[in-house]
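Have a look at the structure below before the remarks.
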2 protein chains.
Amino acid sequence: MTPKSKSSSHSAARDLFPGALEIMVLQTLHWQPMHGYALVQHIQQRSRDLLQVEEGSLYPALQRMLKAGLVEAEWKISPTNRRVRTYSITPKGAKHLELEVSRFEQMLEGISLVLAPAKG
Amino acid sequence: MTPKSKSSSHSAARDLFPGALEIMVLQTLHWQPMHGYALVQHIQQRSRDLLQVEEGSLYPALQRMLKAGLVEAEWKISPTNRRVRTYSITPKGAKHLELEVSRFEQMLEGISLVLAPAKG
DNA sequence: CCATATACCTATTTAGTCTAGGCGTGTTGA
DNA sequence: TCAACACGCCTAGACTAAATAGGTATATGG
């Protein structure tokens, strides 16, 4: 996942936050099943272009989650008449999501404590 | 950096947030120069045990930052009569910190937008 | 004198992301 | 008609940060 660079279009933006991708994907699928390409666009749009998920990151992540039983996939024909692989979250994935969100929040809490100016 | 596991003491906690370590170190050094071992304890204490920085992560990170000119180091004798390598932030490091914090915040903003429930 | 805490460090492994492609198909418009 | 483009799937390899699992040395306390 990269923060989308606003000025230059081609320069490689450094990455941050491995692990967050999985959470965002699981949370999104928790709301509604979706195919990969749609996930890319969904995340970009909902983040108001702050984030851009590379397909080269997303698909391997989906494979990992499939293998781990966190999501399941089904080939369908989309309304736009294309073969799409639609992913949905499994009960195991939902449980995992809860855990990861909680870990995520604790981590953020910890970081913000460290970054907060010391109180006299 | 690992979230400190509260129940089991030995199991490996998964990592999150590569990149955050650098920010926390630079911000801490921005407040006051400090040696490595002290940074480990500082971060753990200020995060109220939510985070635990492994020395095997910290020292390589400090080396990277040294090499990149973000911090500089000096050998001293501590009040406890030990040879310590005290790190301080450079002007370049301070500039870098600002950038990284801003990137960090944008990333968080993006993630929270994606994770926030859709509005009807 | 020995255990422990302090303090530094590195080599190797692990894991996720990015880069940089490739492939096939439906739609659009010149 | 047919070429370009958007859609939609995917992978191999490079890169990088972090964790693991060590090692070394010295001061202090019991």
Side-chain angles (χ1 to χ4, degrees), chain A residues 1-5 9-25 34-44 51-68 70 73-87 100 107 111, chain B residues 1-5 9-25 34-44 51-68 70 73-87 100 104 107:
Chain A
M1 179 179 41
T2 53
K4 224 187 169 184
S5 68
S9 53
H10 66 298
S11 81
R14 281 204 10 239
D15 63 294
L16 266 185
F17 287 9
L21 175 57
E22 186 180 286
I23 292 179
M24 290 192 292
V25 167
M34 204 175 283
H35 62 273
Y37 195 82
L39 276 165
V40 168
Q41 311 208 317
H42 175 89
I43 290 176
Q44 180 169 339
L51 307 180
Q52 173 161 1
V53 175
E54 303 299 330
E55 294 184 28
S57 307
L58 178 68
Y59 288 110
L62 285 171
Q63 299 302 321
R64 287 195 301 274
M65 290 187 255
L66 267 177
K67 202 171 170 183
L70 307 179
E74 191 186 355
W75 286 98
K76 292 186 183 173
I77 302 296
S78 79
T80 57
N81 202 28
R82 282 160 191 285
R83 290 184 74 246
V84 292
R85 198 172 187 192
T86 298
Y87 294 86
E100 289 306 305
M107 182 83 51
I111 292 172
Chain B
M1 175 179 43
T2 54
K4 225 188 170 184
S5 68
S9 52
H10 67 299
S11 80
R14 281 208 5 243
D15 63 294
L16 266 185
F17 288 8
L21 175 57
E22 186 180 287
I23 292 180
M24 289 192 292
V25 167
M34 204 175 285
H35 63 272
Y37 195 82
L39 276 165
V40 169
Q41 310 208 316
H42 175 90
I43 290 176
Q44 180 169 337
L51 307 179
Q52 172 161 5
V53 175
E54 303 298 330
E55 292 184 29
S57 308
L58 178 67
Y59 287 111
L62 286 170
Q63 298 302 320
R64 287 195 301 272
M65 291 188 254
L66 266 176
K67 202 170 171 185
L70 307 180
E74 191 187 356
W75 286 99
K76 293 185 182 173
I77 301 296
S78 81
T80 57
N81 203 28
R82 282 162 190 286
R83 289 184 74 248
V84 291
R85 199 174 187 192
T86 298
Y87 294 86
E100 288 307 304
F104 182 83
M107 182 83 50

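All figures in this text were calculated on a predicted structure; none of them were measured in a lab. Lettering of chains follows the sequences in order, A, B, ..., and the numbering in each one begins at 1. Only this structure's heavy atoms are used, side chains among them; waters, hydrogens and symmetry mates stay out.
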Grab the two heavy atoms, one from A:Gly36 and one from A:Leu58, that are nearest each other, plus how far apart they are.
->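 Distance-wise, the nearest heavy atoms are O-CD2, 3.2 Å.
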
Does the pair A:Val25 and A:Leu39 meet the rule for a side-chain contact (heavy atoms from CB on, under 4.5 Å), with working shown?
-> CA-CA 7 Å; A:Val25 167; A:Leu39 276 165; 4.2 Å; yes

Rounded to the nearest Å, what distance is computed from the [atom1] atom of residue [X] to the [atom2] atom of nucleotide [N]?
X       : N      : atom1 : atom2 : value
A:Tyr59 : C:dA20 : OH    : P     : 19 Å
A:Leu66 : D:dC10 : CG    : C1'   : 13 Å
A:Leu62 : D:dC10 : CG    : P     : 8 Å
B:Leu39 : D:dA18 : CG    : P     : 14 Å
A:Arg83 : D:dC7  : CZ    : C1'   : 14 Å
A:Ile77 : C:dG24 : CD1   : P     : 17 Å
B:Ile23 : D:dA18 : CD1   : P     : 10 Å
A:His35 : C:dG26 : NE2   : P     : 15 Å

Is there a side-chain polar atom (N or O) of [X] under 4.0 Å from OP1 or OP2 of [N]?
X       : N      : answer
A:Arg64 : C:dG16 : yes
B:Ser78 : C:dA7  : yes
B:Tyr37 : C:dC8  : no

Establish whether the base of C:dC9 is bridged to the side chain of B:Gln63 by a donor-acceptor pair shorter than 3.5 Å.
->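 Under the 3.5 Å cut-off, the side chain and the base do not form any donor-acceptor pair.
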
So which one's nearest nucleotide on DNA chain C is more toward 5', A:Asn81 or A:Gly56?
->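 Nearest-nucleotide comparison on DNA chain C picks A:Gly56.
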
From [options], pick the nucleotide closest to the side chain of [X]?
X       : options                : answer
A:Glu55 : D:dT11, D:dA18, D:dC9  : D:dC9
A:Arg82 : C:dT17, C:dG24, D:dC10 : C:dG24
A:Thr80 : D:dA18, C:dA7, D:dG8   : D:dG8
A:Gln41 : C:dC18, D:dC7, C:dA7   : D:dC7
A:Glu54 : D:dA18, C:dT19, C:dC8  : C:dT19

Test A:Arg83 against A:Ile77 for side-chain contact (heavy atoms from CB on, under 4.5 Å), laying out the working first.
-> CA-CA 5 Å; A:Arg83 290 184 74 246; A:Ile77 302 296; 3.7 Å; yes

Heavy-atom side-chain proximity of B:Met107 to A:Leu51 below 4.5 angstrom |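 B:Met107 vs A:Leu51: side chains touch.
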
Is any side-chain heavy atom of B:Tyr59 closer than 4.5 Å to a side-chain heavy atom of B:Leu62?
->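 They are in contact (side-chain heavy atoms under 4.5 Å apart), so the answer is yes.
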
